[in-house]
Amino acid sequence: MIRMNIDDFIYEVKEEMLCYDEIGEEGADKWEADFRKWLESPGKKENVAGSGEKAKFLIGDESEIFDIADSYLDAIENNKVEEYWKNFQ
């Protein structure tokens with residue numbers, strides 16, 4: 001299990017998203033804004049340990065970052081971004 005600082009996690013995911021023309025910088029920025037809203041929303045976050053500045057995002061390995069970017073691309077292409085965030089963990 002890898003414990004990533006939230007800002008580092010966001011950076012890594014956005015860097016991967018920038019590889020997709022369909023997402024681009026605007027889409028990656030939108031993902032970040034929505035991720036931060038999700039992070040602050042009430043409810044248990046299975047992959048988040050701690051809170052505030054000490055919060056860490058937990059991933060099994062680096063391939064999960066690619067999976068997050070890929071699933072966001074799928075959500076954009078299928079007009080299911082809202083559903084993406086409902087199921088995000």
Side-chain angles (χ1 to χ4, degrees):
M1 185 70 56
I2 300 171
R3 301 169 66 92
M4 295 184 76
N5 172 289
I6 296 295
D7 288 334
D8 292 342
F9 171 73
I10 290 169
Y11 174 82
E12 293 294 332
V13 172
K14 287 179 67 176
E15 283 295 303
E16 182 61 26
M17 287 181 175
L18 291 175
C19 295
Y20 296 107
D21 291 335
E22 299 88 342
I23 296 176
E25 190 170 340
E26 185 176 319
D29 289 343
K30 173 81 169 114
W31 179 88
E32 178 182 1
D34 290 343
F35 174 78
R36 291 188 184 277
K37 287 180 196 172
W38 172 84
L39 192 59
E40 294 182 13
S41 68
K44 182 168 174 30
K45 312 290 191 263
E46 293 177 18
N47 289 340
V48 177
S51 61
E53 291 184 22
K54 295 184 179 187
K56 304 284 185 195
F57 198 88
L58 312 174
I59 59 173
D61 59 41
E62 291 183 13
S63 69
E64 288 185 32
I65 290 172
F66 305 122
D67 293 342
I68 289 168
D70 289 345
S71 61
Y72 190 66
L73 175 61
D74 288 342
I76 289 172
E77 291 178 338
N78 294 305
N79 200 24
K80 294 187 176 187
V81 174
E82 189 174 318
E83 186 176 317
Y84 170 89
W85 288 111
K86 286 181 183 176
N87 298 319
F88 188 81
Q89 280 296 327

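Keep in mind that this is a model prediction, so the values were computed, not measured.
- N79 CG: 12 or fewer foreign heavy atoms inside a 6.0 Å radius.
- Shown here is K45, whose NZ atom has more than 12 heavy atoms of other residues, nucleotides or ligands within 6.0 Å.
- The aromatic rings of F9 and F35 sit tilted relative to each other, their planes meeting at an angle between 30° and 60°.
- L39 and Y11 fall into different hydrophobic clusters, where Ile, Leu, Val, Met, Phe, Trp and Tyr residues are linked whenever their side-chain heavy atoms come under 4.5 Å apart, directly or through other members.
- Smallest separation of non-hydrogen atoms from A69 and I23: O-CD1, 4.0 Å.
- Counting heavy-atom neighbours within 6.0 Å of E22 CD, excluding the residue itself, gives a total above 12.
- If you check the side chains of W31 and Y84, you find a donor sitting under 3.5 Å from an acceptor.
- Rounding to the nearest 0.5 Å gives a distance of 10.0 Å between SG of C19 and CG of D70.
- Here Y72 and Y20 keep their ring centres 6.0 angstrom or further from each other.
- Other cluster members for M1: L58, joined by side-chain heavy-atom distances under 4.5 Å among Ile, Leu, Val, Met, Phe, Trp and Tyr.
- Classification of E40 and R36 as a salt-bridged pair fails, no side-chain N sitting under 4.0 Å from a carboxylate O.
- For the pair V81/I76, a side-chain contact is recorded, criterion being any heavy-atom separation below 4.5 Å from C-beta on.
- Linking ILVMFWY residues whenever their side-chain heavy atoms come closer than 4.5 Å, directly or via other members, places F57 and I2 in the same cluster.
- Separating the CE atom in M17 from the NZ atom in K30 is a distance of 12.0 Å, to the nearest 0.5 Å.
- A salt bridge is defined here as a Lys NZ or Arg NE, NH1 or NH2 lying under 4.0 Å from an Asp or Glu carboxylate O, and E82 with K86 meets this definition.
- For the atom pair CG (N5) and NZ (K56), the distance works out to 5.0 Å, reported to the nearest 0.5 Å.
- Once rounded to the nearest 0.5 Å, the distance linking CD of E12 with CD1 of I68 reads 11.0 Å.
- Here the side chains of D29 and K14 are in contact, with some heavy-atom distance below 4.5 Å.
- In terms of heavy-atom proximity, L18 sits nearest to A28 at CD2-CB, 4.2 Å.
- Screening residues 57-69 for side chain to side chain donor-acceptor pair (under 3.5 Å) gives D61-S63 as the qualifying pairs, with residues at least two apart or on separate chains.
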| field | Chi angles and distances behind the side-chain contact (heavy atoms from CB on, under 4.5 Å) call for N78, E83 | value | CA-CA 10 Å; N78 294 305; E83 186 176 317; over 6 Å; no
